[in-house]
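These notes concern the structure reproduced below.
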Amino acid sequence: MRATVGAYVALCKPRIVELLLITAVPTLFLAYHGLPSLMVTVVTVVGGALAAGSANALNCYIDRDIDQLMQRTASRPLAKHTVSPRAALVFGLVIGVISVALFAATTNLLAAALTLGAIAYYVVVYTMLLKRHTSQSTLWGGVCGSAPVLIAWAAARDDLSWPAFLLFLVIFFWQPPHFWALAIKYKDDYRSAGIPMLPVVATTRRVLAESVIHSWLMVAVSLAAWPWIGPVYGVAAVLCGAAFLYEVHRLYAQSRKIDASKLVTIRLFHLSVAYLTVLFVFVAVGAFIH
């Protein structure tokens with residue numbers, strides 16, 4: 001029983017779910033200008049986790065053929081045959097329906113519609129249409145990864161406004177440098193599976209050049225949210241942004257001097273996770289005291 005439960009949890013990719021909730025909950029603080037409603041918070045956490053888990057499980061179902069070919073994904077349940085494809089499909093669909101129904105029944109139809117749209121976008125647009133066919137899949141796939149802030153805002157206020165869209169764009173521009181830092185390390189995996197991620201089809205220097213551009217856009221948008229969140233958040237956005245920009249520029253400068261195979265980008269990957277976590281902690285802190 002423990003192994004079975006663990007396999008279904010693994011289908012949901014809990015580390016990704018955790019990162020999505022890190023952005024959604026602080027958005028509730030901003031939407032409420034302080035402590036959010038307990039019920040809305042619980043629904044956002046539970047419903048958001050189920051929605052993200054649904055999208056990830058369906059992604060595993062669709063990508064089960066290529067997951068077996070890559071070292072990074074070979075331990076996933078479908079690749080190891082610890083869960084059957086049919087069971088994974090049913091599981092993903094059921095928890096997706098539950099998540100949408102939960103938002104519709106306890107918050108509002110806008111939050112439910114955004115949840116359904118995020119699941120459909122990740123499964124159909126990113127996994128089925130983009131991932132295997134274009135090097136820009138990471139960029140446009142960021143739409144669904146950024147959706148939790150819109151869903152949380154809608155759940156709290158039944159509308160969408162500038163602060164929510166700005167936080168959405170922060171995550172949207174954050175995602176390419178975050179994921180490309182990992183994809184550079186595993187580009188041979190993606191090449192063997194026939195996935196045209198940008199590090200597979202372009203030089204490492206070009207990937208890092210595009211990462212620099214997206215990083216500057218990310219920091220610019222994070223600073224644009226300053227008036228709605230307050231000075232404490234603004235200081236955090238400046239400091240966190242400076243650290244992120246320093247690291248991505250450092251890697252780009254190194255790419256001009258050393259061989260791409262010797263370039264270590266995983267530090268940027270871990271820094272990007274810390275950046276997003278700290279920034280959104282200060283979204284909550286700034287909203288609470290502003």
Side-chain angles (χ1 to χ4, degrees), residues 5 7-31 36-63 76-78 83 87-131 137-138 140-160 164-165 167-168 170-172 174-175 178-179 276-277 280:
V5 171
Y8 280 97
V9 170
L11 274 178
C12 297
K13 303 179 187 177
R15 289 184 179 179
I16 296 177
V17 173
E18 179 184 351
L19 197 59
L20 297 177
L21 295 179
I22 283 172
T23 62
V25 174
T27 302
L28 292 176
F29 280 78
L30 183 59
S37 158
L38 179 59
M39 185 198 76
V40 173
T41 302
V42 171
V43 169
T44 300
V45 170
V46 175
L50 289 173
S54 168
N56 289 328
L58 294 172
N59 168 270
C60 287
Y61 169 77
I62 295 167
D63 281 350
R76 288 178 178 173
L78 286 174
V83 175
L89 176 62
V90 171
F91 173 71
L93 290 173
V94 167
I95 63 174
V97 169
I98 292 173
S99 68
V100 174
L102 182 62
F103 276 110
T106 59
T107 58
N108 52 70
L109 292 180
L110 176 59
L114 289 170
T115 302
L116 178 60
I119 296 171
Y121 189 99
Y122 187 74
V123 174
V124 178
V125 178
Y126 171 71
T127 304
M128 299 177 68
L129 300 180
L130 296 178
K131 184 175 179 179
S137 60
T138 298
W140 297 111
V143 170
C144 43
S146 309
V149 298
L150 299 183
I151 295 168
W153 186 278
R157 300 179 57 136
D158 197 15
D159 66 18
L160 294 173
F165 285 119
L167 294 181
F168 171 91
V170 168
I171 306 168
F172 180 79
W174 166 87
Q175 190 151 309
H178 162 74
F179 186 76
L276 199 69
T277 302
F280 273 83

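In what follows, residues are counted from 1 in the order of the sequence shown.
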Find the distance between CG (Leu50) and SG (Cys12) and round it off to the nearest 0.5 Å. 8.0 Å
Taking it one step at a time, do Leu150 and Phe165 satisfy side-chain contact (heavy atoms from CB on, under 4.5 Å)? CA-CA 7 Å; Leu150 299 183; Phe165 285 119; 4.1 Å; yes
For Tyr8 and Ala87 the tightest heavy-atom approach is OH-CB, 3.3 Å
Non-hydrogen side-chain atoms of Val149 and Phe280 separated by less than 4.5 Å: yes
Would a distance-only check, ignoring hydrogens and angles, find a side-chain to backbone donor-acceptor pair under 3.5 Å from Ser146 to Phe172? yes
Exercise: identify the closest heavy-atom pair between Ala88 and Val83: N-CG1, 3.9 Å
Which heavy atom of Ala156 sits nearest a heavy atom of Leu28, and at what distance? CB-CD2, 4.0 Å
Looking at Ser99 and Gly47, what are the two nearest heavy atoms and their distance? CB-O, 3.4 Å
Worked check of side-chain contact (heavy atoms from CB on, under 4.5 Å) between Asn59 and Val123: CA-CA 6 Å; Asn59 168 270; Val123 174; 5.9 Å; no
side-chain contact (heavy atoms from CB on, under 4.5 Å) between Val143 and Tyr122, worked out: CA-CA 8 Å; Val143 170; Tyr122 187 74; over 6 Å; no
Counterpart residues, salt bridge (charged side-chain N to carboxylate O under 4.0 Å, His left out), relative to Lys13 (two or more places apart): none
With heavy-atom distances below 4.5 Å as the criterion, would you say the side chains of Glu18 and Ile22 are in contact? yes
Minimal non-hydrogen separation, Pro148 against Ala24, with atom names: O-CB, 3.9 Å
From Thr44 atom OG1 to Trp153 atom CH2, the distance as rounded to the nearest 0.5 Å: 13.0 Å
Starting from the C-alpha separation in whole Å, work towards a yes-or-no answer on salt bridge (charged side-chain N to carboxylate O under 4.0 Å, His left out) for Asp63 and Lys131. CA-CA 10 Å; Asp63 281 350; Lys131 184 175 179 179; 2.7 Å; yes
Minimal non-hydrogen separation, Ala104 against Leu109, with atom names: CB-CD2, 4.1 Å
Indicate yes or no: at least one non-hydrogen side-chain atom of Val46 is less than 4.5 angstrom from one of Leu102. yes
Verify, without hydrogens or angle tests, whether Ser54 (side chain) and Gly92 (backbone) share a donor-acceptor contact under 3.5 angstrom. yes
First locate atom CG of Leu129, then atom OG of Ser137, and finally report the distance between them rounded to the nearest 0.5 Å. 11.5 Å
Once you round to the nearest 0.5 Å, how far does CG of Leu20 lie from CG of Asn56? 7.5 Å
Distance check, rounded to the nearest 0.5 Å: Ile119 atom CD1 versus Leu114 atom CG? 11.5 Å
Assess whether side-chain contact (heavy atoms from CB on, under 4.5 Å) is satisfied between Thr23 and Ile171, documenting all intermediate values. CA-CA 9 Å; Thr23 62; Ile171 306 168; 3.8 Å; yes
Starting at CG of Leu78, measure out to CD1 of Ile62 and round the result to the nearest 0.5 Å. 11.0 Å
